[in-house]
Structures are given as C-alpha cells and as structure tokens.
Amino acid sequence: MHGARLRISASPRCIQFLHSPRMLLTIFVMLASLQPLAQVQEPQVQKRREEQAMKYPTFYRTAQIDGLSIFYRESGPKDAPTILLLHGLPSSSRMFEPLFTRLSDRYHLVAPDYPGFGHSDWPDPKTFAYTFDHIAEIMNHFTEALGLSHFSLYMQDYGGPVGFRMILAHPDRVEALIVQDAVAHNTGLGENWKTRRAFWTDRAANESALRTNLLSLATTKSRHAGNDPNVERHNPDLWTDEFYFLNQPGQAEIQSDLFYDYRTNVDSYPKWQAWMREKQPRLLVIWGKYESSFDPSEPESYRRDVPKAEVHIVDGGHFALDSAADEIAALVQGFVGSREGFPARRAG
C-alpha cells in the first residue's frame, strides 16, 4: 500500500492533474480558507464601526460652565446608560476616541476637557486656581448643565483625583467606577515620583527639575509607550501632539500649578479608600502591563479595598487605549452592560 502511494504520486498523469487549472483553483480555495479568523472578520468589524459612526456620530460641543467654555465629545443614544469619561495628563477627551468608535451604539458617552486642557478655555493661572478641587467642582457643574443625573465614571490618570472628588461630593450620581491607570494609594506612586515629591516639599527649588521630569518629550513618549518592547505599534503622533500642546504659551505654568496641587491627592487617598471599603462600589480596574508612570502594585490595592472588583491587566501602557482598545471596549461593555449594572436608571 505504501509503495502504491509512491508510484501514484510520481505518475505523469498525476503531475499533469496537479498542474491543471481546476486543481490549482482547488488548492487556492483551500489555502484561502485557512486564513486566520480575525482576518476574515476584520472587514465585517470595520463595516460595523462605519455603520455605527454614521448612526451615532461623535459631536464636538462646548458648554458655558462657571464663565468658561468647556469642550466635550458626545455620542450615542441619550436614553442609554451614560458613561462619563475623565482624561489624564497631558491628554484630553481625544484619548477616548477609540471607545467612542466601539461603544457609541450601546452607551451615551460624554468626555469633557478640563479647564487648561484640550479645546476648553485656558484661563490665566494668575486669576484661576488650577487645583483638583476646583476642576472637580467645574466638572460637577458640567454634569448638572448637561442633565447627567446618573452615570458610570471612567477615570484615567488625573481622572482619578477629579472623579473621586466628584463622587464624595455627590455619591448618589455615580453608579459604577471604571479605573484605568489611575492611583488612589500612596504605594501606587513609584520611584518615578521622587523628583515630584521633592517639588511638593520645595516648589521653588525643584520647579525646573519637575518640568523636565513631567513635561519633557521623553516623559511624554514614555507615558504612551512605557516599557513596551514593541514600540512600533504606538502612533508617535499621540505624544508629539501632546508635547506640542505642553509647549503652548502658559501651559508650563498651568501644568506646574496643577501638579503642585497633586500633593492634596496623596493626602486624600485615605478618604477615597475608606469610601470604597464602606460602599463597596461596582468597580472595574484596567491596567496597562507596560505602565511606567505608576507602580504595578496599584491594581491589587484596589482589590483589597473592593474584594469583588474586576481587575484586568491589558496589553498596553499608561494610555492603554492606544494599543488595547478592542480589549478595553469589550471589558467596559461586559461590565456596564451586565445585569448588576444599569437595570433601570438612566442619565439625562
């Protein structure tokens, strides 16, 4: 039997058949069917996103809040569960565009720019207090102006200290928390924060070093790529655009003032932890495995406060949406859309 197969495979007729147009077409079809499923589905996914974007486009709006023009992105049906998305440093609501393209058919998404960031007004720090208390107050007034009475709160980086202040001021408004690379524990501030802590102790002596440490091009790039060995998958436009923003007139002063106030966040960590331990909120923690701004112990610190918290380490850096948007969108959808999430209440 074995020898027969060898003779058949070597026969001239067989060789002629293998070179026939019909056989070549058959082989081509078989090889095409072996493509990875993701490649086959990708056009369908892209088509769905395009249809979604047409049905639920993103609107770029402004609201007058406390005498300031506050810019925000908004998308999705207003009678759907609302997710309020709070950005980090030195980003803006732009960082959430990947979620808008993936979730706007299911949720009402609202993402504002803080004063001094993005397309919102940048009042002079000589006349405007750039503190986290002040920004949280303005963001609370922003939600009131838009009629957002209940929402899930998505907090990234600076979104953490802004969001936790909003929660303590109006705990009845927030129905669930999503924390993405934001700190609420002193241990979450790693070695990178030595220069920053020195700045809090003596601002005048350490202002120059702080600006280099916090606002340089190298640091701005590191916030995105972190220690990811595959830096080629990170779009350099993200950090060069942010570095350009940081070099606009007045920005160094604005960011220095706000970061000097960051010390009040550290003082407030025990209050935020106590609230989480007492209230046991629904909590989703998303953390980039290439995060270089904060200590990798932070996700488990949240779990100690809220043992039922969902904790996920994703394939990204500090701005994990850069490279893990599909994974994060699926996590958010599963979390917010679960039966324990928003069964009846709606924002608006």
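- One N or O on the side chain of N247 and one on the backbone of F243 form a donor-acceptor pair closer than 3.5 Å.
- In this structure, R304 fails the cation-pi test against Y302, since its NZ or CZ atom is not both closer than 6.0 Å to the six-membered ring centre and inside 45 degrees of the ring normal.
- In this structure, the side chains of T143 and L84 come closer than 4.5 Å at one or more pairs of heavy atoms.
- When all heavy atoms of D172 and H150 are compared, the pair lying nearest together is O-CD2, 3.3 Å.
- One hydrophobic cluster holds both V174 and L168 under the rule that ILVMFWY side chains link at heavy-atom gaps under 4.5 Å.
- A salt bridge links R73 with E97: the distance from a Lys NZ or Arg NE/NH1/NH2 to an Asp or Glu carboxylate oxygen falls below 4.0 Å.
- Ring centroid separation for the pair Y114 and Y158 does not come in under the 6.0 Å cut-off.
- Taken to the nearest 0.5 Å, the CD1 atom of I254 stands 10.5 Å off from the CG atom of L246.
- Residue K194 holds its NZ atom at 12.0 Å from CG of N213, rounded to the nearest 0.5 Å.
- Closest approach of G188 to E298, counting heavy atoms only: CA-OE1, 3.4 Å.
- Going from atom CG of L331 over to atom CD1 of I178 covers 9.5 Å, rounded to the nearest 0.5 Å.
- Under the 6.0 Å cut-off for aromatic ring centres, W122 and Y130 do not qualify, their centroids lying 6.0 Å or more apart.
- Counting only distance, with no hydrogens or angles, the side chain of R106 and the backbone of G337 share no donor-acceptor pair below 3.5 Å.
- Between L85 and F100, the closest heavy-atom pair is CD1-CE1, 4.0 Å.
- V231 shares a hydrophobic cluster with no other residue; no ILVMFWY side chain has heavy atoms under 4.5 Å from its own.
- Ring geometry, F128 versus H134: the interplanar angle falls under 30°, so the pair is classed parallel (tilted spans 30 to 60°).
- Within the 4.5 Å cutoff, the side chain of L283 has no heavy atoms near those of the E310 side chain.
- Checked options T82, T58, I83; the residue passing with L109 is I83 (criterion: side chain to side chain contact (heavy atoms under 4.5 Å, CB included)).
- Distance alone, capped at 3.5 Å, is enough to place a donor-acceptor pair between the Q156 side chain and the G88 backbone.
- When the side chains of ILVMFWY residues are joined at heavy-atom separations under 4.5 Å, either directly or via intervening members, L189 and F259 end up in a single hydrophobic cluster.
- When atom types are taken as modelled, the side chain of Q280 and the backbone of M276 share a donor-acceptor pair closer than 3.5 angstrom.
- Salt-bridge annotation for R61 and E74: present, with a side-chain N of the basic residue lying under 4.0 Å from a carboxylate O of the acidic one.
- Under the 4.0 Å criterion applied to side-chain N and carboxylate O atoms, K55 and D105 are not assigned as salt-bridge partners.
- The hydrophobic clustering, which links ILVMFWY residues whose side-chain heavy atoms are closer than 4.5 Å, places I138 and L153 together.
- Listed for the E207 side chain is no donor-acceptor partner under 3.5 Å among the backbone atoms of F199.
- In this structure, the side chains of E175 and S152 stay at 4.5 Å or more apart for every pair of heavy atoms.
- Of all the heavy atoms in S292 and S222, the pair that sits closest is OG-OG, 3.1 Å.
- Between the side chains of D66 and H141, at least one donor N or O lies within less than 3.5 Å of an accepting N or O.
- Looking only at side-chain heavy atoms (C-beta outward), F142 and M166 stay at 4.5 Å or farther from each other.
- To the nearest 0.5 Å, atom OG1 of residue T219 and atom CG of residue N192 are 7.0 Å apart.
- D113 pairs in a side chain to side chain donor-acceptor pair (under 3.5 Å) with only one of the listed residues (S93, S69, S91), which is S93.
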>> Working note: I65 + E144, criterion side-chain contact (heavy atoms from CB on, under 4.5 Å); need CA distance, chi angles, decisive distance, verdict.
In response: CA-CA 10 Å; I65 310 295; E144 293 160 4; over 6 Å; no
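- In terms of hydrophobic clustering, with Ile, Leu, Val, Met, Phe, Trp and Tyr side chains grouped at heavy-atom distances under 4.5 Å, Y290 and I313 are assigned to different clusters.
- Closest of all the heavy-atom pairs between P123 and L68 is CG-CD2, 4.0 Å.
- For the side-chain hydrogen bond (donor to acceptor under 3.5 Å, both in side chains) test, residues two or more places apart in sequence or in another chain that qualify with D295 are S297.
- Checked by atom type, the side-chain pair D157/H87 shows no donor-acceptor distance below 3.5 Å.
- Linking ILVMFWY side-chain heavy atoms closer than 4.5 Å, directly or via other members, places L210 and L258 in a single hydrophobic cluster.
- In this structure, the separation between CZ on R165 and CG on N140 is 11.5 Å, given to the nearest 0.5 Å.
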>> Applying ring-ring contact (aromatic ring centres under 6.0 Å, His included) to F117 and F71, what does each step give before you reach the verdict?
In response: CA-CA 9 Å; F117 289 78; F71 174 88; over 10 Å; no
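- By the 6.0 Å contact criterion, OH on Y60 is enclosed, its count of non-hydrogen atoms from other residues, nucleotides or ligands being greater than 12.
- By the 30° and 60° cut-offs, the orientation of the rings of F294 relative to W193 is parallel.
- Applying side chain to side chain contact (heavy atoms under 4.5 Å, CB included) to V314 and the options L321, I286, D181 leaves one that passes, I286.
- The six-membered or imidazole ring of H185 lies away from that of Y269, with a centre-to-centre distance of 6.0 Å or more.
- Under the 3.5 Å distance criterion, with hydrogens and angles disregarded, a donor-acceptor pair is assigned to the side chains of R211 and S256.
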> For E242 and K221, what are the C-alpha separation, side-chain angles and deciding distance, and is it a salt bridge (Lys or Arg N to Asp or Glu O under 4.0 Å)?
Replying inline: CA-CA 9 Å; E242 288 175 2; K221 176 181 178 180; over 6 Å; no
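- Although no hydrogens or angles enter the test, the distance criterion places no donor-acceptor pair under 3.5 Å between the side chain of S104 and the main chain of T101.
- Atom CD of E191 has 12 or fewer heavy atoms from other residues, nucleotides or ligands within 6.0 Å.
- A salt bridge links E300 and R303; the closest N-O separation between the charged side-chain nitrogens and carboxylate oxygens is under 4.0 Å.
- For an aromatic pair to be called close, the ring centres must be under 6.0 Å apart, and H108 with F151 fails this.
- Of the possible donor and acceptor atoms, one in the side chain of T212 sits under 3.5 Å from a partner among the backbone N and O of S208.
- For the pair D257 and K126, the salt-bridge criterion is not met [side-chain N within less than 4.0 Å of a carboxylate O].
- Remark: the backbone N or O of S216 is paired with a side-chain donor or acceptor of T220 at under 3.5 angstrom.
- The two residues W275 and I167 come nearest to each other via the heavy atoms CZ2-CG2, 3.4 Å.
- In the model, H312 has no side-chain atom that pairs as donor or acceptor with a side-chain atom of E327 under 3.5 Å.
- The OG atom of S268 sits 10.5 Å away from the CZ atom of F132 when rounded to the nearest 0.5 Å.
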>> Please determine whether salt bridge (Lys or Arg N to Asp or Glu O under 4.0 Å) holds for the pair K279 and D305, giving the CA-CA distance in whole Å, both sets of side-chain angles, and the decisive distance to 0.1 Å.
In response: CA-CA 10 Å; K279 300 300 183 181; D305 292 331; over 6 Å; no
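- No donor-acceptor distance shorter than 3.5 angstrom exists from the side chain of N206 to the backbone of A209, with no hydrogens or angles considered.
- Between W272 and F164, the two ring planes are parallel [angle under 30°; tilted spans 30° to 60°].
- Ionic pairing of K289 and D228 is not present here: no N-O contact between side-chain nitrogen and carboxylate oxygen is shorter than 4.0 angstrom.
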